[in-house]
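Written out below as structure tokens is the structure these notes cover.
Positions are given from 1 along the sequence.
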Amino acid sequence: MCIEKQTEFLSYKGDSLTLVFIVLSVVSLLLVTVIIGIFISYRDTPLVKANNRNLSFILLFSIKLSFFSVFLFLGRPSDITCILRQISFGISFSIAMSSVLAKTIMVCIAFKASKPNSPWRKWLGVKITYFIVIICSFIQFLISAIWLIISPPFVELNILSEPGKIIIQCNEGSVVAFYIVLSYMGLLASVSFIVAFLARTLPDSFNETKYITFSMLLFCSVWITMIPAYLSTKGKYMVAVEIFAIISSSCGLLFCIFLPKCYIIIFKPNRNTKQYLLGNNK
């Protein structure tokens with residue numbers, strides 16, 4: 001007689017691990033939405049404007065996309081979800097990292113341009129920030145496109161890892177392409193961390209680099225520890241490790257960069273004035 005084998009994946013039905021990830025993602029999405037609402041409501045205040053509000057909105061929406069990408073990792077895998085899950089999180093994080101890098105560079109330029117007759121004044125403006133975000137994101141998009149053309153991810157039935165069990169999982173297609181995507185994200189995060197760390201001693205009105213330094217340190221730590229954990233697990237727990245890395249690194253960006261600003265906007269409005277910022281910059 002035929003004995004039906006048990007199938008394993010992160011199912012929406014009766015899997016407590018899936019429920020935990022859904023709750024974390026939904027709560028995080030609600031928090032991002034609230035922060036976006038706060039920034040929109042106070043978009044003309046000095047604190048929001050001083051920290052480049054356009055880049056802040058791009059970064060917030062890319063973080064929101066990364067939380068949405070978690071749902072592509074849940075449920076029974078299919079060819080389309082296998083493709084979308086890796087591409088979506090790679091591109092959304094690249095947009096986030098390039099936005100952070102652009103913010104860090106603009107903080108340094110803004111401080112240098114504040115000096116009289118500074119040649120750095122010509123670099124001020126939104127064009128250079130958009131250029132950084134577009135170019136850095138386009139490189140990741142190009143890597144992903146080449147990955148899909150050469151060897152796209154697909155669904156496979158793994159019957160060898162655990163006897164008597166069929167693990168329904170996504171095969172990355174090209175492991176090399178997968179680690180190139182991760183490496184490029186790490187490169188952007190490392191450059192942002194180095195620039196922010198070197199600029200951390202700027203005056204208080206430009207102290208966003210301190211928050212960026214902590215967020216990039218957390219981001220790099222999460223993904224560095226994720227790789228050995230990812231390689232040492234099997235089945236749905238391998239997917240769970242990647243989901244945990246996505247949620248924790250996204251929350252790190254959100255908490256380190258935006259929560260301090262929201263605290264000042266809501267609870268310390270006296271610090272959200274032009275006079276206070278200029279006073280701290282003297």
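In this structure, OG on Ser99 lies 9.5 Å from CD1 on Ile257, to the nearest 0.5 angstrom. From Leu31, atom CG reaches atom CG of Leu259 across 6.0 Å, with rounding to the nearest 0.5 Å. Within the model, atoms OG1 of Thr104 and CD1 of Ile212 stand 3.5 Å from one another, a figure rounded to the nearest 0.5 Å. Distance check, rounded to the nearest 0.5 Å: CD1 of Ile168 to OG1 of Thr7 gives 4.5 Å. Rounding to the nearest 0.5 angstrom, the gap separating the CD1 atom in Ile83 from the OG atom in Ser88 is 11.5 Å. The line from CG of Leu55 to OG1 of Thr129 is 4.5 Å long, rounded to the nearest 0.5 Å.
Hydrophobic cluster membership is shared by Ile246 and Met238, with clusters built from Ile, Leu, Val, Met, Phe, Trp and Tyr side chains linked at under 4.5 angstrom. There is no path of hydrophobic side-chain contacts, each under 4.5 Å, that joins Leu157 to Leu10. In the hydrophobic cluster analysis, where Ile, Leu, Val, Met, Phe, Trp and Tyr join through side-chain heavy atoms closer than 4.5 angstrom, Leu142 is grouped apart from Ile149. Note: the hydrophobic cluster containing Ile224 does not contain Leu231 (ILVMFWY, side chain heavy atoms under 4.5 Å, direct or indirect links). Under the 4.5 Å side-chain contact rule for hydrophobic residues, Phe214 and Leu60 do not share a cluster.
The other residues sharing a hydrophobic cluster with Leu84 are Leu72, Ile80, where clustering joins ILVMFWY side chains under 4.5 Å apart. Through ILVMFWY side-chain contacts below 4.5 Å, Ile167 is grouped with nothing and stands alone. Other members of the hydrophobic cluster containing Val23, listed by chain and number, are Leu19, Val27; membership follows side-chain contacts under 4.5 Å among ILVMFWY residues, whether direct or relayed.
Residues satisfying the side-chain hydrogen bond (donor to acceptor under 3.5 Å, both in side chains) criterion with Lys165, sequence neighbours excluded, are Glu8, Glu162. Every disulfide bond (SG atoms under 2.5 Å apart) that Cys170 has, sequence neighbours left out, goes to Cys82. Under the disulfide bond (SG atoms under 2.5 Å apart) criterion, Cys220 pairs with no residue, sequence neighbours left out. Under the rule for a salt bridge (charged side-chain N to carboxylate O under 4.0 Å, His left out), Glu172 has no partner lying at least two apart in sequence or in another chain.
Residue Tyr42 qualifies as open at atom OH: its count of foreign heavy atoms under 6.0 Å is 12 or below. Environment of CD1 in Ile227: crowded, with over 12 heavy atoms of neighbouring residues, nucleotides or ligands closer than 6.0 Å. Within 6.0 Å of NZ on Lys5 lie more than 12 heavy atoms contributed by other residues, nucleotides or ligands.
A donor-acceptor contact shorter than 3.5 Å links the side chain of Ser249 to the backbone of Ala245. In this structure a side-chain-to-backbone donor-acceptor pair under 3.5 Å is present from Ser151 to Gly173.
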One pair to check against side chain to side chain contact (heavy atoms under 4.5 Å, CB included): Ile95 and Ile58. What are the steps and the verdict? CA-CA 8 Å; Ile95 295 173; Ile58 293 174; 3.8 Å; yes
For the pair Gln86 and Ser144, evaluate side chain to side chain contact (heavy atoms under 4.5 Å, CB included) and give the outcome as yes or no after the intermediate values. CA-CA 9 Å; Gln86 303 299 349; Ser144 301; over 6 Å; no
Decide yes or no on ring pair (Phe, Tyr, Trp, His ring centres under 6.0 Å) for Phe89 and Trp223, but give the supporting numbers first. CA-CA 13 Å; Phe89 103 87; Trp223 286 98; 5.7 Å; yes
Does the side chain to side chain contact (heavy atoms under 4.5 Å, CB included) test come out yes or no for Val48 and Lys261, once each step is laid out? CA-CA 8 Å; Val48 177; Lys261 298 176 189 176; over 6 Å; no
Assess whether side chain to side chain donor-acceptor pair (under 3.5 Å) is satisfied between Ser25 and Ser28, documenting all intermediate values. CA-CA 5 Å; Ser25 299; Ser28 301; over 6 Å; no
Test Val239 against Gln169 for side chain to side chain contact (heavy atoms under 4.5 Å, CB included), laying out the working first. CA-CA 9 Å; Val239 181; Gln169 62 186 25; 5.9 Å; no
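Side-chain contact between Met97 and Val191 is absent, with no heavy-atom pair separated by less than 4.5 Å. Side-chain contact check for Pro153 versus Leu148: some heavy-atom pair is nearer than 4.5 Å. At least one side-chain heavy atom of Lys64 sits under 4.5 Å from a side-chain heavy atom of Leu29. The side-chain heavy atoms of Phe93 and Ser250, taken from C-beta on, include a pair separated by under 4.5 Å. Residues Phe9 and Leu74 fail the side-chain proximity criterion, which asks for heavy atoms closer than 4.5 Å. The shortest side-chain heavy-atom distance between Phe219 and Val100 does not fall under the 4.5 Å cut-off.
Looking at Ser69 and Ser66, their side chains never bring a donor and an acceptor atom within 3.5 Å of each other.
Of all the heavy atoms in Val222 and Ser248, the pair that sits closest is CG1-OG, 3.3 Å. Scanning both residues, Asn158 and Leu160, for their nearest heavy atoms gives OD1-N, 3.0 Å. Val241 approaches Ala229 most closely through the heavy-atom pair CG1-CB, 4.0 Å. Scanning all heavy atoms of the two residues, the minimum distance from Leu188 to Ser98 falls at CD1-N, 4.3 Å. Here the shortest heavy-atom pairing between Met185 and Ser94 reads CG-OG, 4.0 Å. Taking all atoms of both residues into account, the shortest heavy-atom contact from Cys262 to Ile35 is SG-CG2, 3.8 Å.
The list of salt bridge (Lys or Arg N to Asp or Glu O under 4.0 Å) pairs with a residue in residues 67-89, not counting sequence neighbours, is empty. Residue pairs meeting the ring pair (Phe, Tyr, Trp, His ring centres under 6.0 Å) criterion with at least one partner in residues 138-173, sequence neighbours excluded, do not occur; the list is empty. Residue pairs meeting the ring pair (Phe, Tyr, Trp, His ring centres under 6.0 Å) criterion with at least one partner in residues 247-266, sequence neighbours excluded, are Phe39-Phe258, Tyr263-Phe267. Pairs of residues two or more places apart, or lying in two chains, that qualify as salt bridge (Lys or Arg N to Asp or Glu O under 4.0 Å) and include a residue from residues 14-43 are Asp15-Lys236. Listed by first then second residue, pairs satisfying ring pair (Phe, Tyr, Trp, His ring centres under 6.0 Å) with a partner in residues 53-85 number zero, not counting sequence neighbours.
The distance between the ring centers of Phe244 and Tyr230 does not fall below 6.0 angstrom.
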